[in-house]
Amino acid sequence: MGNKSTTIYVRKATGLVRGFSAWDMLIFNIFAISPGVVLMVGPLEAAALYPGINFIYSMTLGMLLCLGNALVWALLMIAIPRSGGVHVVGSYLLYPAIGFMLSWGYMMYYFYACGMYSSWAIKFALPTMLSTIGVASNIPSLVKWAEGIATPINAFIGGTIIIIIVCLISMFPKLQRKIFIGTFAIAMFGSVLALAILASATPAGFKQAFNEYMMATAGISNGYDYIIAKAKELGFQMQGFDWRKLFLSIPLGYWTFMGYYASAHIAGEIKEPTKSLPISIIGSLLFCWIFFSINIAVFYRVVGWEFTHALGYLIYEHPEALPLKQTPYLNLLVGILAKNVIINAIIGISFFLWCVFIPIEVFVQASRYVFTWAFYRIAPEKFAAVHEKYRSPWVAIIVTGLGTWLFMILYMFTPLFKTLLKYTLMNSIIFFIIGICAILLPIRKKELFEASPEMVKKRIAGIPLIWIASAINCLLYALVIYSSFSWSFAYWSFVILVFIPGLVIYYIARAIRRRQGIDLDLAFMEIPPE
């Protein structure tokens, strides 16, 4: 690459190391999906947003459509195995300014998700664990303590501590890998244990346990029926199945699996990407679909269809009417059933770890985007610094931490990011365009396509597999975007405005670099160096 490489790029090589195996990446992607968090809020959010729709149907429809996107990411990153997926693919196959704009929007999604889950660990997971243990062990002071934890200021302080810890762990890749594997084992064990507790219960047993918990914490007898009656009093009505509503629920069905593509964004650090990427991306998607479907089928059977919808209605429409201090998500409902201090502790720690360790895997991805921007000289070159001993992009990690902390504040203390579907729409716009990029690969970069591994070049009935995958991919995100048309103009305006600073920043950086004799547009005339 000669002088061209040293001029356009910060250095001849990124300095990052291919150290992740297929197994590492499978765990990484499952952590990104976060089964504990999805199961914690998914069934009740589905009941509130799309009443009458079985969440399993929404998930299955979302999963089938996600398979197209899974193949798109796997094939693209096998052909272009570099970290910074959205930025690299968008810049190389469309135009550098578009690639950076998309990656800027994607980073805002990262910051938001990471900040939100950092606060959730303190706001939802920890208080629920303490409350259920307090009731099971008959320690009222523990229940009282749990009620005082879930305040905005405590969530802010706890979330800040979590972000600092995540930053420190991210500085040491080998330690981070060990923590990932160990934590995954504990978190997954807790989730399987929660499923076993739920599956062994009966509807009558759950109703009795819930009534006892309501009496112990809120002083309300027959709390199960109270929830249903209260919801009806405030306007709740049971609704039947509706095909249109099912299709409108696709954004939630897609949100369920968001993260299965995480390994694609650090493809430059994966061993044997041709094997590891399909295993990690498609494998995590299918594993979570099976695990979620079993859990939610059992949840509906035990908790009850009407009660699920009434509770979801109160949580999302009238939270002030809930007589409980802790939001009664799935982790609380399972904890009520357990009635055992040790089991409650294991399940509580599991849900806490799912919330805490989403930021760790998000940090890995987000810091690589900051690193990539600097490596291609859009961001300050210092952001591309790699620690000589630990081979981690330490400056990019610090920048990611600051961005996450800012977005946690915005999430907690402003109305800007109050719904999960807002960042689902942002993600969908980006991935729809990535699908267009996949269609362009055999056309705009024919030599690269023909030189790629056989899996990338595979054809079905003479049609490139990547085109078929792209068609399914674009259908998924077109449906998500279409289902969002009913949202308000202000809602849409906010999402669109997120991308505009990226375009502005790119052209400012481009003008500055041109004065220095560097043409940013040349950076993606060929595949960037490893």
Practice task
Return the orientation label for the F210 and F307 ring planes: parallel under 30°, perpendicular over 60°, tilted otherwise.
Solution key: perpendicular
Problem - Gap between atom CZ of F413 and atom CE of M408 - 0.5 Å precision - result: 7.5 Å
Practice task
Compute the centroid of each ring, for W354 and then for F31, and state whether the two points are separated by less than 6.0 Å.
Solution key: yes
Practice task
Could you tell me which non-hydrogen atom of S280 sits nearest to which non-hydrogen atom of N29, and how far apart they are?
Solution key: O-ND2, 3.0 Å
Exercise for the section: Quick one: which residue pairs count as a salt bridge (charged side-chain N to carboxylate O under 4.0 Å, His left out) with a foot in residues 306-318, not counting sequence neighbours? Expected result: K232-E306
Fill in the blank from the handout: All heavy atoms of S276 vs all of K271, minimum pair found to be OG-O, 2.8 Å
Problem - Centroid-centroid distance, Y109 to Y112, less than 6.0 Å - result: no
Handout entry: Contact summary for H265 and R368, nearest pair of heavy atoms
Key = O-CB, 4.4 Å
Handout entry: F431 ring center within less than 6.0 Å of Y261 ring center
Key = yes
Problem - Donor on one side chain, acceptor on other, Y369 and H87, under 3.5 Å - result: no
Problem - Output field: ring centroids F180/F184 closer than 6.0 Å - result: no
Handout entry: Distance-only donor-acceptor check, side chains N69 and Y254, under 3.5 Å
Key = no
Practice task
May I ask you to decide if the ring planes of Y329 and Y316 are parallel, tilted or perpendicular, using 30° and 60° as cut-offs?
Solution key: tilted
